[in-house]
Amino acid sequence: MTKTNAFAMLAIACMALFSACTQQKGTEVTLQVKTQYGILEGFEQDGVKKFLGVPFAQAPVGELRWKAPQPVLPWEGVREAKQFGDDPMQPNIFGDMAFRGPGRSEDCLYLNIWTTATTTADALPVLIYFNGGGLMAGSGSEPRYDGSSIAKEGVIGVTANYREGVFGFFAHPELTAASDYKGSGNYGFLDQVAAIQWVKDNIQAFGGDPDKITIVGESAGSFSVSLLMCSPLSKNLIAGAMLSSGAEVLPYKAATQAEAEAAGAELLKSAGIASLADAMAMNADSLQAILPPRGMASVVLDGYFMKENADDVFEKNEQAQVPLLAGWNSLEGHPSQSLKGQAPTLKNYKDAMKATFGDMTDEIFKAYGIETDEDVLSQKGFDLASDLFTGFPTWKVCDYHAKSGLPVYRYHYMHPRPQVSAKMGDKVGALAGGVREKTAEEKKAEAQQPAIAPGAVHSADIEYAMGTLDTNEYYDWQDEDYAISKLFLSYYANFCKTGNPNGEGLPQWSAITKENLDAAPVMKIDVESAEVASSEKENAYRTLEKFYKSKK
């Protein structure tokens, strides 16, 4: 080899080494990040870089109302990402919801990013949280979903808005005919897909790993995640899924496109709106005032987002082939909801439930161990009421997924919120984590016997799991609450990192497998968290499953 060739080879080797080192080191993640659409400027607070109000689709206004989300238009220069975007249009369904967006508008397709990455080589896992609210309310700006705490655990936190109510789930024959995929009604879900895709395409610039995206949601967000696991548009974009109280499987069922269109047409007619063109011409406030958020199918078999029911996808093992962490709370429902003012006796509860269960009432009550008057307002009675709302469908997704040979980690969240803080006055906890005035009936009952929270109500787990207790000033949080939150947050973070919630110093949590379905391991999350074998409850779920399948 000549001296010239030797120098050339040495130069090439040095360049390769430099390139490898540069790639390993990565690009620094600063407060200005270059995305595919332009440069965003965020801010840093308490060691976390925050990029708020990031557009992931064009504003669905004007001609884009009731159309699938369209890609973001590039911008020139630096776009500030220092405040939340507008929250989705919604009436005040849950008066205690707290928002941080400047207002509510159709122009709501924004996401928020919390990251502690220093370089793009950090390749941190990502958590995308979709809010609850019955597909009618809620926002990614809500403090309870804040991503700061999970970012400090080494996971990039993301929240994303999606269209809700009539703006997100309205179907109509003319909308179907005009769409490229000949479907309508699933716009809110398509927004969620667009958000995941945007994160997939851009999160590396924020120090994230596009191949390690876990999606999670609570209530309506959880129902959404179960669908996103099944949709051909999203199931291959994710590395993990977490369900918190809800899933779109038995007994829930999607509407056909024709059914959804008929419901949409009837909705316009009942509101006195003569045509779709007239509805399109109305401004958002007027439209919302005249069209209720209910009255539409929650999910439509549009041949695009969903081609078949989620049950069918899971039964064929065609859902996302990823680890699953799922659970629900101990007081999702209450027997009083069925008793409607009647005394909580076994006879009254059975009589009330016969309208639902018919000839299987006795069999279902026996499976749940509800055999005496005392059982009605015990955990047994709460379990049945909770399962009728969110427990059973969440269990069923776990059952499907475990039978497919995929790892499933199931929990039952037991810890009630503490008392409402004394500074709140004579108020009581409300559904969305805030407070409301006590009713006359509640004041009377409390005077006779002080109320004792029997368990974790619907949505009570959110602040614990996301480490956001301090964002909720309504409750008198105690040391035990912070300890539970630390545990729950650690499980979430570990699952995002490895697909397994276990970690040093945490109670061992075993996966449900094909082999242990009849005695499924379940993590009871409480002051004393521990794994238990859910043998008796599995029989109750199978009995409820038998009932639902008999009605298909």
Side-chain angles (χ1 to χ4, degrees), residues 45-48 50 84 94 96-100 112 114 116 127 129-133 138-159 216-219 221-222 242 244-245 325 327-332 411-425 427-436 453-496 501 503 505-507 523-529:
Q45 186 177 31
D46 197 20
V48 178
K50 303 180 181 185
F84 293 95
F94 306 100
D96 61 313
M97 274 186 173
F99 302 111
R100 294 181 287 183
N112 313 292
W114 292 262
T116 56
L127 172 71
Y129 206 119
F130 293 111
N131 62 271
S139 172
S141 77
E142 291 181 65
R144 55 185 175 168
Y145 306 121
D146 194 278
S148 296
S149 292
I150 203 155
K152 293 176 182 177
E153 296 292 319
V155 177
I156 295 179
V158 178
T159 61
V216 63
E218 187 272 338
S219 193
S222 186
M242 297 196 288
S244 171
S245 304
L325 187 153
W328 60 96
N329 299 352
S330 61
L331 196 61
E332 297 277 358
Y411 70 83
H412 200 200
Y413 185 71
M414 313 296 292
H415 187 65
R417 290 192 185 107
Q419 296 295 321
V420 171
S421 175
K423 65 183 179 181
M424 292 294 110
K427 290 185 172 62
V428 66
L431 187 60
V435 293
R436 59 172 173 77
V457 297
H458 186 62
S459 86
D461 57 311
I462 299 173
E463 288 97 340
Y464 291 89
M466 289 300 289
T468 55
L469 296 182
D470 285 340
T471 69
N472 188 330
E473 64 179 359
Y474 301 122
Y475 295 91
D476 189 16
W477 307 113
Q478 301 296 309
D479 288 345
E480 64 183 23
D481 297 297
Y482 287 101
I484 293 169
S485 180
K486 182 178 180 181
L487 172 80
F488 211 162
L489 180 65
S490 296
Y491 280 141
Y492 260 36
N494 291 341
F495 184 80
C496 292
L506 302 177
M523 178 59 66
K524 297 278 188 179
I525 299 180
D526 205 338
V527 176
E528 296 294 333
S529 298

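None of the values given here were measured: they were computed from a predicted structure.
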Would you say that [X] contacts [Y] through its side chain, given a criterion of any heavy-atom pair below 4.5 Å between the two side chains?
| X | Y | result |
| --- | --- | --- |
| Ile484 | Tyr413 | yes |
| Leu487 | Pro507 | yes |
| Thr159 | Asn131 | no |
| Gln45 | Ser148 | no |
| Gln419 | Gln478 | no |
| Asn112 | Lys50 | no |

His415 and Asp481: side-chain donor and acceptor closer than 3.5 Å?
->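 Yes.
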
Are Ser244 and Asp461 linked by a side-chain donor-acceptor pair shorter than 3.5 Å?
->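 Present: a donor and an acceptor within the cut-off.
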
What about the rings of Trp477 and Tyr464, do their centers lie closer together than 6.0 Å?
->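 Judged by ring-centre distance (under 6.0 Å), Trp477 and Tyr464 do meet the cut-off.
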
Centroid-centroid distance, Tyr411 to Tyr491, less than 6.0 Å =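 Distance test on ring centres: not under 6.0 Å, no.
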
Before giving the answer on side chain to side chain contact (heavy atoms under 4.5 Å, CB included), spell out for Trp114 and Ile150 the whole-Å C-alpha distance, their side-chain angles and the decisive distance to 0.1 Å.
-> CA-CA 8 Å; Trp114 292 262; Ile150 203 155; over 6 Å; no

Mind checking the NE2-OG spacing from His458 to Ser245? Nearest 0.5 Å is all I need.
->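 Going from NE2 on His458 over to OG on Ser245, the span is 6.0 Å.
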
Distance (rounded to the nearest 0.5 Å) between Ile462 CD1 and Phe488 CZ =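 Ile462 CD1 to Phe488 CZ: 10.0 Å, rounded to 0.5 Å.
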
Take Val457 and Asn329 through the test side chain to side chain contact (heavy atoms under 4.5 Å, CB included) and record every step on the way to the result.
-> CA-CA 6 Å; Val457 297; Asn329 299 352; over 6 Å; no

Have a look at Pro143 and tell me which of Met466, Arg100, Glu463 forms a side-chain contact (heavy atoms from CB on, under 4.5 Å) with it.
->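 Checked Met466, Arg100, Glu463 against Pro143; only one passes side-chain contact (heavy atoms from CB on, under 4.5 Å): Arg100.
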
Leu506 and Pro501: which non-hydrogen atoms are nearest, and at how many Å?
->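 Nearest pair, atom of Leu506 first, then Pro501: CD1-O, 3.8 Å.
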
Can Cys496 and Glu153 be said to form a side chain to side chain contact (heavy atoms under 4.5 Å, CB included), step by step?
-> CA-CA 10 Å; Cys496 292; Glu153 296 292 319; over 6 Å; no

Would you please test Phe495 and Val155 for side chain to side chain contact (heavy atoms under 4.5 Å, CB included) and show each step?
-> CA-CA 10 Å; Phe495 184 80; Val155 177; over 6 Å; no

